[in-house]
Amino acid sequence: MSSAVAMEATRRRQRLSSNGEASETTEEPAGQWGRAWEVDWFSLSAVILLLCTAPFLVFFFVMVCDQYQCSVSQPLVELYSGEVTLRSIWEKAPSFTWTAAQIYTIWVSFQVVLYMCVPDITHKFLPGYAGGVQDGARTPAGLINKYEINGLQSWLITHALWYANAQFFHWFSPTIIFDNWIPLLWCTNILGYAVSTFAFVKAYLFPTNAEDCKFTGNVFYNYMMGIEFNPRIGKWFDFKLFFNGRPGIVAWTLINLSYAAKQQELYGYVTNSMILVNVLQAIYVLDFFWNEAWYLKTIDICHDHFGWYLGWGDCVWLPFLYTLQGLYLVYNPVQLSTAHAAAVLLLGLVGYYVFRSTNHQKDLFRRTEGKCSIWGKKPTFIECAYRSGDGGLHHSKLMTSGFWGVARHLNYTGDLMGSLAYCAACGFGHIHPYFYIVYMTILLVHRCVRDEHRCSSKYGKDWKRYTDAVPYRLLPGIF
Ligand code: NDP
């Protein structure tokens, strides 16, 4: 379908009654949910600012470790005093190499093969694990997509091979990722921009489901926030699921292992801070893959369209900036006191508990349609109704008990506690590793506002009843 037809289809939609007859025509989508249809000047400025600065920010945080021992202020001071220039910094940075291109091509191809060609078998023998073919959430146009959930299996195979190589085969050094880090940055950027641009063009020329496309009329916003909701190639290659989970999140734990191997190579030991970062982040990554079917019901998959924000973000931002702590510790091998290490571990584990339990409660509640036990009692909830883009009327429930009765986004609060723990594991010598908690706070507070705006549009007065019943967002009594 051409873009004009797609726009027309999404903008001027005929609401169909249950027997399929047109009952009403509307200029707006029946279910006003998902990302924005119109762009205000503030959103547009933010989009352009991000498009222009985010790639340089990633380069900056990686470059300062390579050239300034991870000091964030020193390059700025030297630039200000004229000791260095932007050009001299740029010229000192390692450039693109064919070795890095080969590594990255093999890596991404391998993840594509694992994703597309190895159907999940782990769900057959791992009790409690939901893998194999699973349903996604209903899209704004009313579709329910099917997904092959095999992320845990891909993670296990990849890490088994990594271990086998390090222990027995020695095809490559375990420090390979660290040793090619900046050249790899250029390769990930090439893929990030290629995939975002491809998704953008595809949305105009051959969208997977034109009914779920959103055009705002602003090219920058469309490029960044995406037009297609669930772009796919063929029946199974889902862009969102693939790029979000692999190659970035599978790589996360390998990147950390590569950093630990580099510490061992440089200093002859691995610090307790590096072990803490590896362990806490591995729990988070494994949690993600163990719960990949649950992930199909999160905002990334249920509401975000696939544009530069997800495409470039998953390829570049995530692997480079989510792993800053390990990178920092290669250059600054901090050995924590036992008390400090224990406090970090406790914060990380409590944060993880709050994050996981909150997410689990919602998942259980939604799966059983409220017929479950939360904190030993039947959950309380608010019944709500909404319309999908095809005009169909649907019903849903918003839980008001358990963690969801304490605040509206305690899963974010738990995530932030965990994020703070990764940063605190690096000691207090530099602000570099703390970028992550600053970023996560902005991300999750913004996400909270975005989500609430969307839920309010989706559920109308029922959402208001929910916010009256649960008045706080992240911190009861404060926000
Ligand atoms: P949520 O899992 O909180 O999902 C929000 C959705 O849940 C809402 O849009 C609504 O969807 C539904 N909902 C809201 N309130 C209730 C309620 N009381 N009862 C039942 N359903 C409700 O958000 P995310 O998808 O953003 O996050 C999932 C997890 O992923 C979080 O723990 C977050 O911390 C983490 N995350 C991590 C990131 C990272 O980079 N590390 C990035 C983003 C998220 P509906 O329309 O179905 O009603």
Side-chain angles (χ1 to χ4, degrees), residues 31-35 136-140 240 244-245 248-249 252 280-281 283-285 287-288 291-292 294-304 309-310 313-314 317-319 321-323 351-370 372 374 379-388 394-419 422 436-437 439-460 462-463 465-467 469-474:
Q32 174 70 80
W33 49 321
R35 76 144 169 77
R138 189 181 298 281
T139 72
K240 265 197 217 166
N244 243 311
I249 301 189
W252 188 345
L280 290 176
Q281 294 190 346
I283 292 174
Y284 193 76
V285 168
D287 174 276
F288 174 85
N291 296 292
E292 201 179 11
W294 152 82
Y295 178 68
L296 299 178
K297 308 285 160 71
T298 64
I299 290 175
D300 285 348
I301 299 276
C302 295
H303 296 291
D304 286 343
Y309 169 76
L310 286 179
D314 295 334
W317 185 274
L318 190 151
L321 294 189
Y322 283 32
T323 59
Y352 173 71
Y353 171 76
V354 174
F355 161 84
R356 173 48 36 218
S357 310
T358 311
N359 286 324
H360 174 71
Q361 284 184 354
K362 187 186 86 177
D363 186 46
L364 180 68
F365 172 78
R366 281 278 169 96
R367 263 191 294 116
T368 59
E369 298 192 348
C372 58
I374 301 287
T380 54
F381 53 83
I382 286 172
E383 288 276 7
C384 34
Y386 65 95
R387 280 188 189 279
S388 52
H394 306 276
H395 295 276
S396 189
K397 295 177 171 62
L398 294 167
M399 181 164 45
T400 51
S401 54
F403 282 114
W404 295 87
V406 178
R408 300 200 292 269
H409 298 275
L410 268 191
N411 49 348
Y412 292 177
T413 312
D415 208 343
L416 290 174
M417 289 164 73
S419 306
Y422 313 154
Y436 187 67
I437 182 64
Y439 159 71
M440 283 297 283
T441 307
I442 296 170
L443 175 88
L444 292 179
V445 169
H446 177 246
R447 203 175 173 92
C448 187
V449 173
R450 247 184 348 129
D451 183 48
E452 300 221 333
H453 177 70
R454 183 167 42 222
C455 286
S456 169
S457 307
K458 182 174 172 181
Y459 296 123
D462 293 333
W463 182 255
R465 284 165 57 216
Y466 173 55
T467 55
V470 186
Y472 291 101
R473 293 181 174 108
L474 295 177

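Read the numbers this way: they start at 1 and go in the same order the structure lists the ligands and their atoms. Note that the structure is predicted; figures quoted are calculated from it, not measured. Any value given below was found using the heavy atoms of this structure, including those in side chains, with hydrogens, waters and symmetry copies removed.
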List every atom of ligand 1 that sits less than 4.0 Å from any heavy atom of [X], numbering the atoms from 1 in the order shown and giving each element.
{"X": "Lys397", "result": "20 (C)"}
{"X": "Tyr459", "result": "45 (P), 46 (O), 48 (O)"}
{"X": "Asp451", "result": "5 (C), 8 (C), 9 (O)"}
{"X": "Thr298", "result": "25 (O), 28 (C)"}
{"X": "Met440", "result": "39 (C), 41 (N)"}
{"X": "Leu443", "result": "40 (O), 42 (C)"}
{"X": "Tyr322", "result": "39 (C), 40 (O), 41 (N)"}

Review point. What closest approach, in Å, do Ser419 and Met440 show between heavy atoms, and which atom pair accounts for it?
Key: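 So the minimum-distance heavy-atom pair works out to OG-CG, 3.7 Å.
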Exercise for review: Compare every heavy atom of Tyr459 with every heavy atom of Ser396, then report the nearest pair and how far apart it is.
Suggested key: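 Answer, listing the atom of Ser396 first, then Tyr459: OG-OH, 3.5 Å.
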Within the structure, is a non-hydrogen atom of [X] found at a distance of less than 4.0 Å from ligand 1?
{"X": "Phe381", "answer": "no"}
{"X": "Arg454", "answer": "no"}
{"X": "Leu318", "answer": "no"}

Check your understanding: Can you find a side-chain donor-acceptor pair between Trp252 and Gln281 that sits under 3.5 Å?
Key ->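 Result is yes, a qualifying pair exists.
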Check your understanding: Would you say the side-chain atoms of Asp287 and Asn291 include a donor-acceptor pair closer than 3.5 Å?
Key ->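 Side chains of Asp287 and Asn291: pair found under 3.5 Å.
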Below a 4.0 angstrom heavy-atom separation, can you tell me which part of [X], side chain or backbone, both or neither, approaches ligand 1?
{"X": "Thr358", "answer": "neither"}
{"X": "Met399", "answer": "both"}
{"X": "Tyr284", "answer": "side chain"}
{"X": "Cys455", "answer": "side chain"}
{"X": "Asp415", "answer": "side chain"}
{"X": "Lys297", "answer": "neither"}

Report the member of [options] with the shortest heavy-atom distance to [atom].
{"atom": "atom 30 (O) of ligand 1", "options": "Tyr386, Tyr295, Trp294", "value": "Trp294"}
{"atom": "atom 4 (O) of ligand 1", "options": "Lys362, Arg447, Arg366, Arg408", "value": "Lys362"}
{"atom": "atom 24 (P) of ligand 1", "options": "Trp404, Phe365, Tyr412", "value": "Tyr412"}

Exercise for review: Using the six-membered ring wherever Trp is involved, compare the ring planes of Tyr439 and Tyr322 and label them parallel, tilted or perpendicular (cut-offs 30° and 60°).
Suggested key: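 Taking Tyr322 first and then Tyr439, their aromatic rings sit tilted (interplane angle of 30° to 60°).
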Point to revise | Ile374 and Trp404, any side-chain heavy atoms less than 4.5 Å apart | key: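 No - every pair of side-chain heavy atoms lies 4.5 Å or more apart.
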Exercise for review: Verify, without hydrogens or angle tests, whether Lys240 (side chain) and Asp304 (backbone) share a donor-acceptor contact under 3.5 angstrom.
Suggested key: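 Side chain of Lys240 to backbone of Asp304: a pair is present.
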**Study point:** Sidechain-backbone polar pair: Thr298 side chain, Trp294 backbone, donor-acceptor under 3.5 Å
**Key:**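 Not confirmed, Thr298 side chain does not pair with Trp294 backbone.
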Review point. In this structure, are over 12 heavy atoms from other groups packed under 6.0 Å from His453 atom NE2?
Key: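 Incorrect, the count does not exceed 12.
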Exercise for review: List in chain and number order the residues that pass side chain to side chain donor-acceptor pair (under 3.5 Å) with Glu452, two or more places apart in sequence or in another chain; answer none if no residue qualifies.
Suggested key: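 Counting only residues at least two positions away or on another chain, Glu452 forms a side chain to side chain donor-acceptor pair (under 3.5 Å) with Arg408, His409, Arg473.
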Check your understanding: Is Asp300 salt-bridged to Arg447, going by a charged N under 4.0 Å from an acidic O?
Key ->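 Result for this pair is yes, salt bridge flagged.
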Review point. Any chance the rings of Tyr284 and Phe355 have centres within less than 6.0 Å?
Key: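 Under 6.0 Å, so yes.
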